[in-house]
Amino acid sequence: MAEREEMLYDVVIVGAGPAGLSAAIRLRQLSAAAGKDISVCVVEKGSEVGAHILSGAVLETRALDELLPDWKTRGAPLTVPAGHEEFRLMFSRFSLRLPTPPQMRNHGNYIVSLGNVCRWLGKEAEALGVQIFPGFPAADILIEEGKLVGIITGEFGVGKDGVRTAAYQPGIAIKGKVTLLAEGCRGSLSERIMKQFGLRENADPQSYGIGIKELWEIDPKKHKQGSILHTVGWPMDKSTYGGSFVYHLDKNQVAVGFVIGLDYQNPYLDPFMEFQWFKTHPHIRSLLEGGRRISYGARALNEGGYQSIPTLTFPGGMLMGCAAGFMNVPKVKGTHTAMKSAMLAAEAAFEHLTQNAPLANYETRLKASWIYEELYKSRNIRPAFHKGLWAGLLYSAFDTYILRGRAPWTLHYKPDYKNLKPASECSPIVYAKPDGKVTFDRLSSVYISNTNHEENQPAHLRLKDASLPVEYTLPVYAEPAQRYCPAGVYEIVREEQRPRFQINAQNCVHCKTCDIKEPSQNIVWTTPEGGGGPNYSGM
């Protein structure tokens with residue numbers, strides 16, 4: 001039997017996104033300034049740093065300015081300053097320009113590929129002595145005497161049948177005096193830790209959205225570098241929360257994206273097809289026609305904000321970034337808050353290692369920071385849309401301009417999957433067939449996400465009860481997994497005697513929507529073999 005290798009560090013960080021890398025950099029900065037040698041490693045499930053990073057993105061540099069004040073001279077890939085911006089209310093054939101809300105104004109920000117920003121941060125971290133291990137997913141947790149002492153990376157060489165092949169390699173035990181979880185939205189280990197240590201007992205359930213994005217190269221005559229467009233309204237019904245973004249990068253490239261709140265009610269709603277439908281609007285089609293779609297991806301994002309932040313510390317570790325949920329929804333940004341939370345976690349970890357200070361100092365620092373002030377002021381805007389688009393827009397204006405985020409009340413959430421209505425109470429939605437020019441099907445989209453999983457491995461998407469999809473979610477909810485998954489992972493295959501639920505795990509782009517929206521909470525997302533999943537470029 002193969003023995004498990006063991007590696008020891010002062011700090012183990014799970015996830016090489018903006019938060020994980022910011023924490024690693026801050027730790028090594030503090031270490032150098034104090035003449036210490038705090039060893040830091042980062043494990044990342046993607047094949048390389050940035051491979052699984054998907055975001056709009058317009059970056060507010062507030063946290064980056066604090067972390068690496070000379071980022072411009074260091075060659076950071078922030079080269080497209082935000083320019084002209086619009087906020088529009090969409091109808092099927094036209095749109096109305098609305099005043100841009102103060103939170104959404106982007107003067108001084110930059111349109112970026114967040115994946116490229118992470119690649120750059122990764123190099124900065126390695127230059128400071130951080131060890132980064134891409135292609136090594138954190139698959140399990142190590143608990144000793146009620147304390148998290150590290151993680152176990154995923155196994156290699158287990159066949160589809162669960163039997164070890166000749167290429168089998170056991171996972172590596174990576175132990176740390178402190179473990180920082182920065183897995184991003186709905187991180188699998190983070191969710192386990194929150195349940196094990198009861199970290200959500202005093203917080204609202206997290207609320208989520210599904211973000212779907214395409215990168216296009218368009219006609220140079222239509223390109224307006226730095227231009228920003230956000231929209232709400234059509235094609236979604238008035239009870240569904242969501243909106244779009246169109247960001248003009250350099251090199252005639254445009255990022256087009258659509259976000260739908262996963263608290264939607266109609267099980268026939270298809271987020272992927274809503275996005276394709278959105279692109280048929282005259283305002284959007286005219287921009288994209290004659291262009292070329294370069295890449296595609298999808299990712300869940302946190303929308304709960306202030307009232308959904310869990311307890312952040314537990315014996316042996318801390319939650320940071322989107323694993324905890326610091327996105328500012330009205331601002332349409334979460335990278336700056338994720339990075340700042342990670343810097344504060346790193347400072348608390350350093351004090352713990354060098355002065356035996358309690359890890360709980362992280363929570364104290366966070367509550368005194370600009371993160372809490374920012375999220376507190378915006379806390380009621382997202383849940384106000386539970387009453388519909390018009391009520392949400394009216395309340396948002398009232399909260400922003402009159403109350404200025406200081407309402408004497410706080411609106412709350414319930415789990416997103418509990419908002420789904422039975423199919424019998426809803427009307428099916430008929431979506432047009434993709435034209436292959438501006439609108440596309442799922443499989444061709446997954447193809448350009450460069451998604452790949454080793455075929456001979458157990459499916460990383462597992463059912464708690466294999467009978468539920470056909471016996472419960474199909475008759476009651478028309479099996480919404482066929483629609484809420486933006487990658488065609490789930491299918492109902494009609495056979496002669498009875499339907500069969502099929503999981504095409506090789507298509508998975510790691511968006512985590514199924515883990516969130518499944519009405520019976522029957523789907524469990526686990527890490528696949530290392531390096532599997534999308535390989536985003538420029539996203």
Side-chain angles (χ1 to χ4, degrees), residues 4-45 49 66-68 118 121-153 171-183 187 189-190 192-193 197 312-321 323-324 338-366:
R4 189 185 304 284
E5 184 181 349
E6 191 171 285
M7 302 173 71
L8 303 176
Y9 291 89
D10 291 314
V11 180
V12 176
I13 299 174
V14 180
L21 294 170
S22 295
I25 290 170
R26 190 72 182 121
L27 277 161
R28 292 297 295 176
Q29 287 174 335
L30 292 168
S31 176
K36 306 285 185 180
D37 187 17
I38 303 294
S39 58
V40 181
C41 88
V42 181
V43 294
E44 162 59 35
K45 66 183 175 68
V49 173
E66 296 179 17
L67 182 67
L68 295 166
C118 287
L121 285 172
K123 293 177 181 177
E124 293 292 319
E126 287 180 322
L128 290 170
V130 176
Q131 292 191 10
I132 302 176
F133 302 117
F136 284 84
D140 205 353
I141 53 178
L142 283 168
I143 302 286
E144 294 179 4
E145 299 179 354
K147 176 182 177 181
L148 181 66
V149 297
I151 57 95
I152 301 175
T153 64
I172 301 169
I174 305 182
K175 292 186 174 183
K177 297 172 184 175
V178 179
T179 301
L180 304 180
L181 298 180
E183 298 175 282
L189 295 192
S190 302
R192 286 178 58 185
I193 287 290
F197 291 100
L312 299 169
T313 56
F314 52 90
M318 293 175 264
L319 297 170
M320 57 191 193
M339 292 176 67
K340 178 63 175 177
S341 74
M343 293 159 62
L344 296 172
E347 290 164 9
F350 181 78
E351 289 182 352
H352 175 74
L353 293 169
T354 58
Q355 304 169 31
N356 202 30
L359 292 179
N361 282 356
Y362 169 41
E363 305 242 14
T364 304
R365 288 172 177 271
L366 202 92

Under 3.5 Å donor-acceptor, H352 side chain and A357 backbone: yes

Chi angles and distances behind the side chain to side chain contact (heavy atoms under 4.5 Å, CB included) call for I132, L21: CA-CA 9 Å; I132 302 176; L21 294 170; 3.9 Å; yes

Closest heavy-atom pair and its distance - L181, S190: CB-OG, 3.7 Å

Heavy-atom closest pair, residues R192 and A139: NH1-O, 3.9 Å

Lys/Arg N to Asp/Glu carboxylate O, K175 vs E144, below 4.0 Å: yes

I13 side chain reached by M320 side chain, heavy atoms, under 4.5 Å: yes

Minimum heavy-atom distance I38-S31, with the two atoms named: N-OG, 3.0 Å

Stepwise side chain to side chain contact (heavy atoms under 4.5 Å, CB included) test for R26 and L30: CA-CA 6 Å; R26 190 72 182 121; L30 292 168; 3.9 Å; yes

Nearest non-hydrogen partners of L180 and A23, listed with the distance: CD1-CB, 4.1 Å

T153 and I151, any side-chain heavy atoms less than 4.5 Å apart: yes

CD-CD1 distance between E5 and I172, expressed to the nearest 0.5 angstrom: 4.5 Å

Shortest non-hydrogen contact from A349 toward L27: CB-CD2, 4.3 Å

Side-chain donor or acceptor of Q29 paired with backbone N/O of L67 under 3.5 Å: yes

Sidechain-backbone polar pair: E363 side chain, L312 backbone, donor-acceptor under 3.5 Å: yes

I152 and R4: CA distance, side-chain angles, deciding distance, side chain to side chain contact (heavy atoms under 4.5 Å, CB included) verdict: CA-CA 9 Å; I152 301 175; R4 189 185 304 284; 3.1 Å; yes

From CA spacing to verdict: side chain to side chain contact (heavy atoms under 4.5 Å, CB included), T179, F314: CA-CA 10 Å; T179 301; F314 52 90; 5.9 Å; no

Pair Y9-Q131, side-chain donor/acceptor within less than 3.5 Å: yes

Nearest-0.5 Å distance that lies between atom CD in E126 and atom CG in L121: 11.5 Å

Donor-acceptor contact present, side-chain T313 to main-chain M318, <3.5 Å: no

Pairwise distance CZ(F350) to CG(N361) - rounded to 0.5 angstrom: 13.5 Å

Greater than 12 external heavy atoms within 6.0 Å of E145's CD: no

Donor-acceptor contact present, side-chain E183 to main-chain L189, <3.5 Å: yes

Point-to-point distance, once rounded to the nearest 0.5 Å, from CG of L353 to CG of L359: 8.0 Å

Flag side-chain contact, heavy atom, 4.5 Å: I174 against C41: yes

Sidechain-backbone polar pair: R28 side chain, A125 backbone, donor-acceptor under 3.5 Å: no

Spacing of OH belonging to Y362 relative to CE belonging to M343, to within rounding of 0.5 Å: 12.0 Å

Exercise: identify the closest heavy-atom pair between V42 and A24: CG2-CB, 4.0 Å

N/O donor-acceptor pair under 3.5 Å between R365 side chain and A345 backbone: no

Distance in Å, D37 CG paired with D10 CG, rounded so as to fall on 0.5 Å steps: 7.5 Å

Side chain proximity check, L148 to I193, heavy atoms < 4.5 angstrom: yes

